[in-house]
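Presented below is the structure to which this report refers.
Keep in mind the model is a prediction, meaning the values are calculated, not measured.
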Amino acid sequence: MAATPACAEIIASTGDTVPVVTSTPPDSQGAATSLEQIPVTLPVAPSETLVGVQPIAWNLGDALDGNAPQASAEVAAMAASGGEPANVGIGAAGFGGGGLDVSGDTVNGPADPLKRRWSDHIPRDQSQYRTFWQQARTVRTEALIGVAYFTLISSHKFFEETAPFHFKDEGYFGKDTENIGVDKLTHAFDTYLLAEFFHSQIHRKTGATAGDAITAAIIASGLMAFNEISDAIEPDSGYSLQDVSMNIAGAALSVLRNTVPGMKEKFSFKIEIVPNSNIYSIQGKPHYAQQRFMFSLKGAGFEELNHSPLRYLDLQVGYFASDFSNADKAAGVDPKRHLFFGVGLNLGELLFGKSQSRLGRVAYTVLDYFQLPYTSLRYDTTGRVGY
């Protein structure tokens, strides 16, 4: 039997005919099959096209390159096979096994359409948000709030002793640096968090237009660079290019997480704040001594582990520092750098992984960036086993 060519468009209306494989009752010679044209009668307007298929004049080839995520898997398979309809036969339940259902008043596609992943984006030439400025304008209110916030928290410096704009080489993770590198990871994480926030907003408002992650990263890096200006006029500080480079690194990590398929589901960059004698210190060395930064590989992001308890566990690699306070330095205590490896509970997945409520989804998102203290088992390079 000759193959039926794939149509460039799928449009059904009253009076049209479609090719259907039919069978006659078997006899001694076996069943005979033939290709017939049958009329289609739809008690709906022509504009109400197939459910599960894009409206009028949708090109089958779009399903193959991911540009039409609503296309059914069966339709995409037909286009890929050069037009050979797979198992197309009419019966009480519809065409073939799980195909189109014409038993009701509408024509229904299969129940499992192709799904758009978080990392999938609409090509720029198919969106009204093609340029950086068009995308940035969708978050101008949020960006202005960011500028106002950084201006407010730094405004007191303009009423204190200042110095002309100058640079300062602060180093990165050396033991001779002020905070043994924890402040640098703070810059990376803060920019990463800002970029993630701006990306979520632009992603939603532009319908996931290509380039939204880069736009978010540029805005976040710009805000952090603006904040750094206040350090440039402090007599005992300065504009740190090391801080700026860590800001860019954090923003770049956000870009990778939101554009590489599967990375958002499998990977997270987290901070953990361990309580001290004051529970929480707002600034200074005590503030940095509370912080633990980690990269987490999430078991929940792997399909193979989705039906096992391992989906509640993350593999961690991280860093923190200790014994670098002014009192420690005065006493001659050697500052310590801790590179650790461990296993942590993914509390977001454990407590809110199946939540359908808005509050539950917000809690899940928050716990994708913050690890609660004492929920991990770790071993670090100083030989210490801790939580």
Treating [X] as the side-chain partner and [Y] as the backbone partner, does any N or O pair qualify as donor plus acceptor under 3.5 Å?
{"X": "Q134", "Y": "T131", "answer": "yes"}
{"X": "Q290", "Y": "I279", "answer": "yes"}
{"X": "K285", "Y": "E178", "answer": "yes"}
{"X": "Q242", "Y": "D169", "answer": "no"}
{"X": "N179", "Y": "V182", "answer": "no"}
{"X": "R124", "Y": "R130", "answer": "yes"}
{"X": "S237", "Y": "E234", "answer": "no"}
{"X": "N278", "Y": "S281", "answer": "no"}
{"X": "S254", "Y": "G250", "answer": "no"}

### Query
Hey, what's the ring geometry for F189 with Y192, parallel, tilted or perpendicular (30° and 60° as the breaks)?
tilted

Side-chain heavy atoms nearer than 4.5 Å, only ILVMFWY residues, links allowed to pass through others: does that put [X] and [Y] together?
{"X": "L339", "Y": "V343", "value": "no"}
{"X": "L310", "Y": "F352", "value": "yes"}
{"X": "F150", "Y": "F198", "value": "yes"}
{"X": "L372", "Y": "L345", "value": "yes"}

More than 12 heavy atoms of other groups within 6.0 Å of [X] [atom1]:
{"X": "F165", "atom1": "CZ", "value": "yes"}
{"X": "R204", "atom1": "CZ", "value": "yes"}
{"X": "E160", "atom1": "CD", "value": "yes"}
{"X": "H156", "atom1": "NE2", "value": "yes"}
{"X": "Y280", "atom1": "OH", "value": "yes"}

### Y319/F293 aromatic ring centres below 6.0 Å
no

### Message
Checking R378 against S376 for the side-chain hydrogen bond (donor to acceptor under 3.5 Å, both in side chains) test, could you report, in this order, the C-alpha distance in whole Å, the side-chain angles of both residues, the deciding distance, and whether it holds?
### Response
CA-CA 6 Å; R378 300 163 181 158; S376 304; 3.3 Å; yes

### Verdict with reasoning, F295 to F269, per ring pair (Phe, Tyr, Trp, His ring centres under 6.0 Å)
CA-CA 5 Å; F295 298 129; F269 180 25; 5.0 Å; yes

Over all heavy atoms of both residues, which pair between [X] and [Y] is shortest? Give the atoms and the distance, please.
{"X": "E196", "Y": "N258", "value": "OE2-ND2, 2.8 Å"}
{"X": "A195", "Y": "A251", "value": "CB-CA, 4.4 Å"}
{"X": "L305", "Y": "R311", "value": "O-CB, 3.4 Å"}
{"X": "E272", "Y": "Y387", "value": "OE2-O, 4.3 Å"}
{"X": "H166", "Y": "P164", "value": "ND1-O, 2.8 Å"}
{"X": "F324", "Y": "P335", "value": "CB-CB, 4.1 Å"}

Flag the pair [X] and [Y] as a salt bridge only when some basic side-chain nitrogen lies within less than 4.0 angstrom of an acidic carboxylate oxygen.
{"X": "D243", "Y": "K184", "result": "yes"}
{"X": "K168", "Y": "D231", "result": "no"}
{"X": "R257", "Y": "D368", "result": "yes"}
{"X": "D314", "Y": "K298", "result": "no"}

### Message
Run Q371 and T375 through side-chain hydrogen bond (donor to acceptor under 3.5 Å, both in side chains) and show every step you take.
### Response
CA-CA 8 Å; Q371 183 76 28; T375 57; 2.8 Å; yes

### Steps toward salt bridge (charged side-chain N to carboxylate O under 4.0 Å, His left out) verdict (R117, E265)
CA-CA 10 Å; R117 299 167 300 181; E265 293 76 21; over 6 Å; no

### Message
Applying side chain to side chain contact (heavy atoms under 4.5 Å, CB included) to F226 and V147, what does each step give before you reach the verdict?
### Response
CA-CA 8 Å; F226 169 74; V147 171; 4.1 Å; yes

Would you tabulate the side-chain donor-acceptor contacts of residues 206-222 under 3.5 Å, counting partners in other chains and residues two or more places apart, or write 'none'?
{"residue": "T206", "atom": "OG1", "partner": "I202", "partner atom": "O", "Å": "2.8"}
{"residue": "T206", "atom": "OG1", "partner": "T209", "partner atom": "N", "Å": "3.3"}
{"residue": "T209", "atom": "OG1", "partner": "S127", "partner atom": "OG", "Å": "2.8"}
{"residue": "T209", "atom": "OG1", "partner": "T206", "partner atom": "O", "Å": "2.9"}
{"residue": "D212", "atom": "OD1", "partner": "H121", "partner atom": "NE2", "Å": "2.9"}
{"residue": "D212", "atom": "OD1", "partner": "H199", "partner atom": "NE2", "Å": "3.3"}
{"residue": "D212", "atom": "OD2", "partner": "H121", "partner atom": "NE2", "Å": "3.4"}
{"residue": "D212", "atom": "OD2", "partner": "H203", "partner atom": "ND1", "Å": "2.9"}
{"residue": "T215", "atom": "OG1", "partner": "Q135", "partner atom": "OE1", "Å": "2.7"}
{"residue": "T215", "atom": "OG1", "partner": "G211", "partner atom": "O", "Å": "3.1"}
{"residue": "S221", "atom": "OG", "partner": "A217", "partner atom": "O", "Å": "2.9"}

### Task
Could you tell me which residues satisfy salt bridge (charged side-chain N to carboxylate O under 4.0 Å, His left out) with K205, sequence neighbours excluded, listed by chain and number?
E142

### Task
Taking salt bridge (charged side-chain N to carboxylate O under 4.0 Å, His left out) as the test, write out the residues that go with D334, two or more places apart.
K175

### Message
Is the terminal nitrogen or CZ of K266 (NZ for Lys, CZ for Arg) located under 6.0 angstrom from the six-membered ring centre of F302 and within 45° of that ring's axis?
### Response
yes

### Task
Report the C-alpha separation of T186 and Q291 in whole Å, then their side-chain angles, then the decisive distance to 0.1 Å, and conclude whether the side-chain hydrogen bond (donor to acceptor under 3.5 Å, both in side chains) test is met.
CA-CA 9 Å; T186 300; Q291 298 178 355; 2.7 Å; yes

### Query
Can Y379 and F340 be said to form a ring pair (Phe, Tyr, Trp, His ring centres under 6.0 Å), step by step?
CA-CA 5 Å; Y379 174 82; F340 65 81; over 10 Å; no

